[in-house]
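Reading through the structure tokens given below for one structure.
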Amino acid sequence: MSLKLTNTLTKRIEPFKSLTPGQVNIYCCGVTVYDLCHLGHARSYIVWDVLRRYLISQKYKVTFIQNFTDIDDKILARAAKENCTMNEISDKNIKEFHCDMDALGVLRPDRMPRATRCLDGIRSMIEKLEKKGAAYSVEGDVYFAVKKHTNYGKLSNRDLSEQQLNADGRVNEKEEARKQSPVDFALWKGAKEGEPSFPSAWGQGRPGWHIECSAMVLQELGETIDIHLGGADLIFPHHENEIAQSEMANGKELAKFWLHNGMVNVDGQKMSKSLGNFTTIRALLKGGISAMTLRIFILQAHYRKPLDFTKESLDAASQGWKRLNTCLCLGLNNHKVLDWPKHDFQETSISDIDKHATNETLAKYHQQFLDALDEDLNTSVAISILFELARPLKSLANQLIRDIPQSINELENKALYTRWKLLVSLAGILGLKAEQPHNSISKKEENLNASFIKEAIKIRKEAKLSGDFAKADRIREKLKSQGIELIDKKGGETDWIQN
RNA sequence: GGCGGCAUGGCCAAGCGGUAAGGCAGAGGAUUGCAAAUCCUUUAUCCCCAGUUCGAAUCUGGGUGCCGCCUCCA
């Protein structure tokens, strides 16, 4: 394996090599927990989930840390609005975050530190910076003196003298006056009236935004980590400031690889809270978009490029997933008919795929899939290989669902089983898992629904027999709009599945 | 103004110097109820101009357009 990744730090695609063989330490910038997550967040965490799964499949021991920013102006504003405490807002949204990410099949990070619970590390890092003369305190605030850091700007490739400082004129004049330079940023903010605060050597206050990540990386993973992840909008100033703080405090390079994902766009513009053009993950899932559809949608584009969110592209992903899903379900639902070994999805190990590639064609697909991911996580190509693998399986699946299965000789059957296993394994690296369509419904709805559908099928059959196809089609369309798909089989029988 | 990214068929999207993956939609054929679902087949010379090269969507230079960051942001 030779994984190559685009490193924002060097502006190049370079071979990935971990500091310790077989071990990868990753830190991923998490969310500020003041609200539900939107599709942009989903993209970020799904993409990095694939990176993680891929590394694990390549036998790396991965330690994945991701933070929660649980103190911030927006959380406080939300708390004031909802007349509750900051902690209540944070707790609630952390729960919601997990709910969404679990639904999307994003593996939970190994640890998820919260800013308010890492204050010792934060304070001691600020003290260290102060001792080194890289930080100064003014009236309860502490600022990082950017000019002390000779390499400032190395990540975002910026010359500070060329920047339009505070471009929007959104300058807090009081704060500006306290700073030695307009580019300096807060490490610690003195407490304001009525806001939650924490004790420190500089008085009551709270940490600035950037310092928590620096402190957590050190606390959880050490001075230098393999990979630091985040959205492209964090490159400046957040990651630049992290580098400045950590490298000044520790005297060591913060991260070997900096990876950044592209934004999700709506009508060509970045999806963001402030523009109000966001769609939450929750709304999408509730609206009937399946988690795996979102995964396909996101992974069909390269992670660094902007991704336009439109109804059309989502529909396309949905149709594509439907196709793939049929194939992934094949061996689960039909193993008896096909005489395939019973297969439990939960037990599919994503690091256990080598032995499945038994023939030349499958070995080729397998290799192409791995090569694609090696090449800076080309998930788009990886997915295309899943579709190639799926084609004959799709054919088989439809024979089973709709017709009498044709006789397959033993050799073919075995090859198809192997192909299916490979498909399941490779899909697993992308976090794509079968979503079983229900042809039996939960007990609660069973009586209501099943008999209703049965009745509808009966009426439709009568309509068909009497030649009233318009009526038959109306019934079919009506059920379809309710997620029930009718399938006319040979011999006049009608089956149904719920999508 | 500074830094960075992008421009490929109706839509989304790969491609990293040797002659355009994949998905969706469309078309034709099979099947069917002149239907749905399904299966098979099928559709591009890559924003413009100039250059390098035997050969460029891919490299260089110059345009044009769009976007991101410089302020909270995945």
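Labels below follow one simple rule: chain letters A, B, ... track the order of the sequence lines, proteins then strands, and each chain is numbered from 1. Because the structure is a prediction, the values reported are computed rather than measured.
At a cut-off of 3.5 angstrom, the base of rG68(B) holds no donor-acceptor pair with the side chain of Arg304(A).
The aromatic ring centres of Tyr143(A) and Phe185(A) sit 6.0 Å or more apart. Centroid-to-centroid, the aromatic rings of Phe278(A) and Phe309(A) stay 6.0 Å apart or farther. Ring pair His98(A)/Phe68(A): centre-to-centre distance below 6.0 Å. Two rings, from His260(A) and His239(A), have their centers less than 6.0 Å apart.
Using a 4.0 Å heavy-atom cutoff across all strands shown, Gly40(A) reaches at least one base atom of the nucleic acid. Note on Asp473(A): a base of the nucleic acid sits closer than 4.0 angstrom, heavy atoms only. The residue Phe297(A) sits apart from the nucleic acid: no heavy atom pair falls under 4.0 Å. Within the 4.0 angstrom heavy-atom criterion, only backbone atoms of the sugar-phosphate kind lie near Asn378(A); the bases stay farther away. Heavy atoms of Gly30(A) sit under 4.0 angstrom from primed sugar atoms or phosphate atoms, though from no base atom. The residue Ala301(A) sits close only to the backbone: its heavy atoms come under 4.0 Å of sugar-phosphate atoms, none of a base. Phe236(A) comes within contact range of the sugar-phosphate backbone alone, with a heavy-atom separation under 4.0 Å but no base atom that close. At the heavy-atom level, Leu234(A) lies under 4.0 Å from the strands shown only through sugar-phosphate atoms. Heavy atoms of Arg43(A) sit nowhere under 4.0 angstrom from any nucleic acid atom.
Of the candidate nucleotides rG33(B), rA74(B), rG2(B), rA74(B) has the atom lying nearest to any side-chain atom of Val264(A). For His38(A), the listed nucleotide lying nearest its side chain is rA74(B); candidates were rC70(B), rA74(B), rA14(B). Residue Asn265(A) places its side chain closer to rC67(B) than to any other of rA36(B), rG33(B), rC67(B).
Leu259(A) places its CG atom 19 Å from the P atom of rG4(B), with the value rounded to the nearest Å. In this structure, Asp35(A) atom CG and rA74(B) atom P are separated by 11 Å, rounded to whole Å. rA35(B) atom C1' lies 13 Å from atom CD1 of Ile475(A), rounded to whole Å. The interatomic distance linking Ile298(A) (CD1) with rA13(B) (C1') rounds to 15 Å, in whole Å. Taking atom CD on Gln269(A) and atom P on rG65(B), their separation rounds to 18 Å, with Å as the unit. To the nearest angstrom, P of rG5(B) lies 19 Å from CG of Leu307(A). The CG-P distance, from Asp488(A) to rA36(B), rounds to 12 Å in whole Å. Lys478(A) has its NZ atom 19 Å from the C1' atom of rA35(B), to the nearest Å.
Judged by Watson-Crick or G-U wobble contacts below 3.5 Å, the nucleotide rG33(B) has no partner. In this entry rG26(B) has rU42(B) as its Watson-Crick or G-U wobble partner, both defining distances falling under 3.5 Å. For rC69(B), the paired base is rG2(B) (Watson-Crick or G-U wobble, both distances below 3.5 Å). With a cut-off of 3.5 Å on both Watson-Crick or G-U wobble distances, the partner of rA20(B) is given as none. Using Watson-Crick or G-U wobble geometry with both donor-acceptor distances under 3.5 Å, rC47(B) finds its partner in rG63(B). Of all nucleotides present, none satisfies the Watson-Crick or G-U wobble test against rA57(B) with each distance under 3.5 Å. When Watson-Crick and G-U wobble pairs are counted only if both distances are under 3.5 Å, rU8(B) pairs with rG15(B).
Checking the phosphate oxygens (OP1, OP2) of rA14(B), a side-chain nitrogen or oxygen of Lys305(A) falls inside 4.0 Å. Between Asn157(A) and the phosphate of rG4(B), there is a side-chain N or O to OP1/OP2 separation shorter than 4.0 Å.
Between rA14(B) and rU45(B), the distance separating the two C1' atoms is 16 Å to the nearest Å. Distance check on atom P: rA21(B) versus rU31(B) gives 31 Å, rounded to whole Å. Nucleotides rG51(B) and rU58(B) place their C1' atoms 15 Å apart, quoted to the nearest Å. Here the separation of rA7(B) from rC47(B), taken at their P atoms, is 8 Å to the nearest Å. For the P atom pair drawn from rC59(B) and rU8(B), the interatomic distance equals 15 Å after rounding to whole Å. For the P atoms, the distance from rG68(B) to rA13(B) is 16 Å, rounded to whole Å. The same atom, P, is picked in rG22(B) and in rG15(B); the two are 15 Å apart, to the nearest Å. Of the C1' atoms belonging to rG26(B) and rC11(B), the separation is 11 Å, rounded to the nearest Å.
Remark on RNA chain B: of its neighbouring residues Pro392(A) and Ser313(A), the 5'-side contact belongs to Ser313(A), judged by nearest-heavy-atom nucleotide. The residue among Lys74(A) and Ser395(A) whose nearest nucleotide of RNA chain B lies closer to the 5′ end is Ser395(A).
Annotation for Asp159(A): atom CG counts as buried by contact number, over 12 foreign heavy atoms lying within 6.0 Å.
For the pairing with Asp70(A), the salt bridge (charged side-chain N to carboxylate O under 4.0 Å, His left out) check across Arg206(A), Arg114(A), Lys92(A) returns one residue only, Arg114(A). Applying side chain to side chain contact (heavy atoms under 4.5 Å, CB included) to Phe16(A) and the options Leu259(A), Val24(A), Leu51(A) leaves one that passes, Val24(A).
Side-chain contact annotation: Thr10(A) with Arg12(A), donor-acceptor N/O pair under 3.5 Å absent.
For the pair Leu432(A) and Leu386(A), the minimum side-chain heavy-atom distance is below 4.5 Å. The closest side-chain heavy-atom distance from Ile46(A) to Leu104(A) is below 4.5 Å.
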**Request:** Start with the C-alpha gap between Phe369(A) and Tyr54(A), add the side-chain angles, then the distance that decides, and say whether ring-ring contact (aromatic ring centres under 6.0 Å, His included) holds.
**Result:** CA-CA 11 Å; Phe369(A) 183 93; Tyr54(A) 186 54; 7.8 Å; no
**Prompt:** Just by protein heavy atoms under 4.0 Å, how would nucleotides 21-26 of chain B read 5' to 3' in B, S and -?
**Reply:** BSBSS-
